[in-house]
Amino acid sequence: MSFLVGVPAVVLWLQIQSLDLAVTPVLAAIEIWLVCSVFAVYMFTPYWYGIRDMVTVDTRSYASPGRGLVFRAQVPLGRALLLWGAVTGLFWGFLIVTVSAADYTVLIGAFNAQYVDPDTFWVRIGALAFLFGIAFSGVWLVLRRVPPGLVVSREGLSFRRGLSEERRGWGEIRSVSWSGGAGMFGRLRIDFYEDRPFRRSSVGIGSNVELVGRLIEFYRANPTKRGSLDDLDRAVDTFEMHH
């Protein structure tokens, strides 16, 4: 991992340092930000996405009492990337525009650089990055209103598809299947009679897809037991009692 990131980073760093531009220090700082971001993802991914050889139920405050069992990653991947893109685009885009459009000698005179006219190319690049940051921020705010992952309640299932939350009753479920079991590449699939399938990876629900699939199949086949889904402990105990 260090080799795959370090070698391109060194090459890019040398290329950046060879530029005689007002924006050069900003580009160097952006590279450091990107390398640190990659390193953080590498180091903290196991913690963010939890243990996937067991069922992990979200007990945080957004899972209101009586709502059911909520399966989700500790840090939803899509939202995390959107937030990272929003912060990166807004902050660094603004900084690139500011530095590129200003007087070169005032901003980095300490580097003994000669005066050059404002760099319109990098102004456009910074403006484009800033606009992308605004777009990412908008999508992230919209997704904040829709719970990620999967909710299993006495009424059925609810989940996010696109930018909206969808609900399916137990009677609409045709079959439940899974592949991969434990690990990041396990996938859960739920087929409905009159809609396209629901698919989530083990990363998306922060749990072993086989165990979650068996739990859903159990409550689908046992309507009289669904009342226990209103209470977290009772729902898990009921499922474990029959498995």
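Values in this document were obtained by computation on a predicted structure and should not be read as measured data.
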Is there side-chain contact between Arg168 and Ile190, with at least one heavy-atom pair below 4.5 Å?
no
Geometric class of the Trp92/Trp33 ring pair [parallel <30°, tilted 30-60°, perpendicular >60°]:
tilted
Are the side chains of Trp170 and Pro223 in contact, using a 4.5 Å heavy-atom criterion?
no
Residues, nucleotides or ligands: over 12 heavy atoms within 6.0 Å of Arg167 CZ
no
Of all heavy-atom pairs between Ser137 and Leu90, which one has the smallest distance, and what is that distance?
OG-CD1, 3.5 Å
Heavy-atom closest pair, residues Ala235 and Leu69:
CB-CD2, 3.9 Å
Other residues, nucleotides and ligands only: do more than 12 of their heavy atoms fall within 6.0 Å of CZ on Arg174?
yes
Can you measure from CD1 (Ile216) to OG (Ser175) and round to the nearest 0.5 angstrom?
11.5 Å
Nearest-0.5 Å distance that lies between atom CG in Asp195 and atom CD1 in Ile173:
12.0 Å
Can you hop from Phe91 to Ile125 via hydrophobic side chains spaced under 4.5 Å?
yes
Take Tyr219 and Thr238, measure what side-chain contact (heavy atoms from CB on, under 4.5 Å) needs, and give me the verdict at the end.
CA-CA 10 Å; Tyr219 282 107; Thr238 301; 3.6 Å; yes
Are Arg160 and Leu143 close enough that some pair of their side-chain heavy atoms sits under 4.5 Å apart?
yes
Please report the closest heavy-atom contact between Pro197 and Arg161, naming both atoms and the distance.
O-NH2, 2.8 Å
Gap between atom CG of Leu95 and atom OG of Ser100 - 0.5 Å precision
9.0 Å
Can you hop from Leu141 to Ile134 via hydrophobic side chains spaced under 4.5 Å?
no
Would you list the pairs meeting ring pair (Phe, Tyr, Trp, His ring centres under 6.0 Å) in which at least one residue belongs to residues 129-165, sequence neighbours left out?
Phe159-Phe198
Closest non-hydrogen atom pair, Ser207 against Val212
CB-CG2, 3.6 Å
CZ of Arg196 to CG of Asp191: how many Å apart, nearest 0.5 Å?
13.0 Å
Euclidean distance, Leu215 CG relative to Asn208 CG, rounded to 0.5 Å:
11.5 Å
Measure the CD1-CG distance between Ile205 and Leu211 for me, rounded to the nearest 0.5 Å.
9.5 Å
Does a salt bridge link Glu217 with Arg220, judged by any charged N lying under 4.0 Å from a carboxylate O?
yes
Check the pair Leu27 / Trp122 against side-chain contact (heavy atoms from CB on, under 4.5 Å), numbers first and verdict last.
CA-CA 10 Å; Leu27 296 180; Trp122 285 104; 3.7 Å; yes
What I'd like to find out is whether the side chain of Trp84 reaches to under 4.5 Å of the side chain of Leu81, using heavy atoms alone.
no
Linked, directly or transitively: Val176 and Tyr193 (ILVMFWY side chains, under 4.5 Å)
no
Heavy-atom closest pair, residues Arg234 and Gly227:
NH2-O, 3.3 Å
Do the side chains of Val142 and Leu83 join up, straight or via other hydrophobic residues, at under 4.5 Å, putting them in one cluster?
yes
Are Arg72 and Arg200 close enough that some pair of their side-chain heavy atoms sits under 4.5 Å apart?
no
Is there a side-chain contact between Ile30 and Ile96, using heavy atoms and a 4.5 Å cut-off?
yes
Is Val139 linked to Leu128 within one hydrophobic cluster, defined over Ile, Leu, Val, Met, Phe, Trp and Tyr using a side-chain heavy-atom separation of less than 4.5 Å?
yes
